[in-house]
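So you know, we letter chains A, B, ... as the sequences are listed, proteins then strands, and number each from 1. In what follows, every heavy atom counts, from backbone to side chain, and hydrogens, waters and symmetry copies are set aside.
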Amino acid sequence: MKIAHVIIDRMARGLDRAWSYVIPEGMDIRVGHRVHVPFGKGETLGIVTAVYEYGTPDSAADVVLKPVLNVVDPVPVLSAVMIELGMWMAEEYLCFPIQAYKAMLPRNIRLRPFSAPTQELCQVVGQRQGRPSKRQQLWDILAERGPLLKEELLREMPEMRQVLRDLVKEGTVVINRVDSASPSFPVVKGHRSPFTLNEEQMHAVTTIVEAAPGSKWLLEGITGSGKTEVYLQIIETIVQQGQQALVLVPEIALTPQTVRRFQSRFGQAVGLWHSSLTDSERAKTWQAVRDGHLAIVVGVRSAIFLPFRDLGLIVLDEEHESTYKQEEHPRYHTRDVAFWLADKTGTKVVLGSATPSLETAFYARQGLIGWIRLTRRIGTRTLPPVEIIDMREELQEGNHSIFSRALQQALTRALDRGEQGILFLNRRGYASFVMCRDCGQAVQCPHCSVTLTYHQDQNKLMCHYCFYTIDPPTACPHCGSRRIRYFGAGTERIVEEVMKLWPGTRVLRADRDTLSSRHSYYQLYDDFVNRRADVLVGTQMIAKGMDFPHVSVVGIVAADVALHLPDFRRSERTFQLLVQASGRTGRGDLPGVVIVQAYEPEHFAIQSAATHGYDDFYNQEIQYRRELGYPPFGNLWLLEVADASEQKAKETIHRIFEKVTGLMEMGIEVLGPAPAPLPKVRGRFRYHVLLKGAKNPRIMAVLSEIERDELSCSITVDPYYML
DNA sequence: GTGCGCTTCATG
DNA sequence: ATGAAGCGCACT
């Protein structure tokens, strides 16, 4: 008789452990199966985490066990590695194991047994002209007759087995796994990369290809240095070795170019994974990955949990992006999970960025992970000159426009020559607050402690936190005055200004208001690249990884908007945004120019971005982090209480404060309790306690106790936003 | 006595 | 989480 350990689908303290059930005779149940089990009065779904022979020490306690009712899927949905990963996540991120498992499985997934076994398709690559030999003979046969199934080929010429192996090793023949049910399925394009790599890129490729399994790398390459091409070539060898590769991107809709490059290189062997897939597309891709029909997946963070059979490589492109961190339970960081997989399964991990997160850059410089730099732009491209404009001076000298004179001139010149420009501003809407000239009161959201943003296209005032919307008041709600003014320019306002200053200019706007669907993003990208518009105005969403060859001016309208947020990464974010945005120009044959407008231009994040100096930035920022004990030198835990009753919220935060004060003895800094920087959001009052220090088991024990006992408290490790 | 709200307990 | 049992207290 066999016993199954089951993690049940109920989220509550005390229930988050394995429950034992008898596996009925003849029922096929293995680790990773989903099962229905009786529990309490009713029944629940659960995941099998272990199977034991009855009588072994771990099999059960001395209680009468109930039997498993039935199995949900014909085959396990999670591998043993994934089961282990879920346990690790539960501990690391203070969540219930079942939350981790749920994050790994697409919702509503229905599994079928493994689909038809895969077959191997042999295919030539490029050209080969050697002396008459067995190798050349076989190569010629393959070149002439096109892709052939390995099985058939060897049935016909069994003596060629070793010769074929040699050709694959040589790189002139590749073998792809295909679904035998649809023989035309994945075909890796039959030619090698059309690009020749420069020395640096070549070095990066060979270093990583030859590196030990499980090794981790930072590929630190300036914008335009050809990181994607490096990924592509590494993946080529990974795939030829019969392994799978995963390319993670921050947001798939924002990287249409990257996706296209993978698809054009690897064709049907590439699968996509992102949030706007339908349930059935999702299930199909999931299954194709599991059955080995997809060699490569390009996807967002949750793709890290796809059921790869043999994953050889994980690429995290734009490694520093905050989208790699899940903000809800399980609050994992994709990089951590990738590293865990590397240690556990031998998958290689490559983190790519022009502006790595401080943590990653630190680990690389300390030698804890490998470090490869790409310091040159490919081809004849150069980094654009960056000019910093002090907006205080502009104002003093009588320029009240949102645009500095330098930016106006640069854009005028570009437009006269028929070139394009991009303007960045990290603020949506038309005006970020509406204020009465007489009493000085700004219109606030009644549910959140923020001002309402005016959206001109809908003629509404809107809260960006809870979407509370009202008509713009004609009189001040406080004093009745009619002298109401709009302050704090947003993207809508920029568009209006551009059209005013350069009449007849075709302007596109890209922010969360104009781009809701994936389709409209592709549309916008296409329109701009094909010069159906002259100026693109947008938030940081357009700063990422896109090539616009006709853009010769990039204007950053207000570089320091994010510099004063209560966020220990504020300098890092500002620097990253500026460098990424600057990288949007000078990518074609045109020389580009970047104009950075700031009110605090002397800040080192802005100065080092202007010289494209990551090292300068790093050296200063790492010192600040070290002095203050921020990551990577220590962890930060943000304990947040939110409650509709202010009194309750206060009581809870004080109770929590009491629980953590003991940690101060061991050198943990405890800040607070204090109202959050945004004390009220969506009608709930918010209070914070912040812990800072080195992680240790005692802290984790205290935190997990709080996480379980205090329902209105949420804990974030190394938060990205501390608002 | 019994109906109702709140706490405690067990769940394999 | 969820249901059941235990407990205290007001009330037809």
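If you take CE of A:M11 and C1' of B:dT11, they are 17 Å apart, rounded to a whole angstrom. Residue A:I23 contributes atom CD1, which lies 17 Å from atom P of B:dG12 at whole-angstrom precision. Atom pair A:L15:CG and B:dG12:C1' shows a separation of 11 Å (rounding to whole Å applied). Between A:R13 atom CZ and B:dA10 atom C1' there is a gap of 14 Å when expressed in whole angstrom units. Between the C1' atom of B:dG12 and the CD1 atom of A:I7 lies a distance of 13 Å, rounded to the nearest Å. Atom OH in A:Y54 sits about 16 Å away from atom P in B:dG12, given to the nearest Å.
A:Y21 comes within 4.0 angstrom of the backbone, heavy atoms only, and of no base.
Judged purely by atom type and a 3.5 angstrom limit, A:T347 uses its side chain to pair as donor or acceptor with the backbone of A:L311. Between the side chain of A:H333 and the backbone N or O of A:R335, at least one donor-acceptor pair lies under 3.5 Å.
Here chain A contacts DNA chain C (any atom closer than 4.0 Å to a heavy atom, that is under 4.0 Å), and the contacts span C:dA1 to C:dA4 from 5' to 3'.
Seen from the ring of A:Y52, A:K2 does not count as a face-on cation partner, given the 6.0 Å and 45° thresholds.
Using a 4.0 Å cut-off between charged side-chain N and carboxylate O, A:R686 and A:E646 make no salt bridge.
Screening A:V300, A:T323, A:L316 for a side-chain contact (heavy atoms from CB on, under 4.5 Å) with A:P250, the sole residue that qualifies is A:T323.
With a 4.5 Å cut-off on side-chain heavy atoms, A:V22 and A:I3 count as touching.
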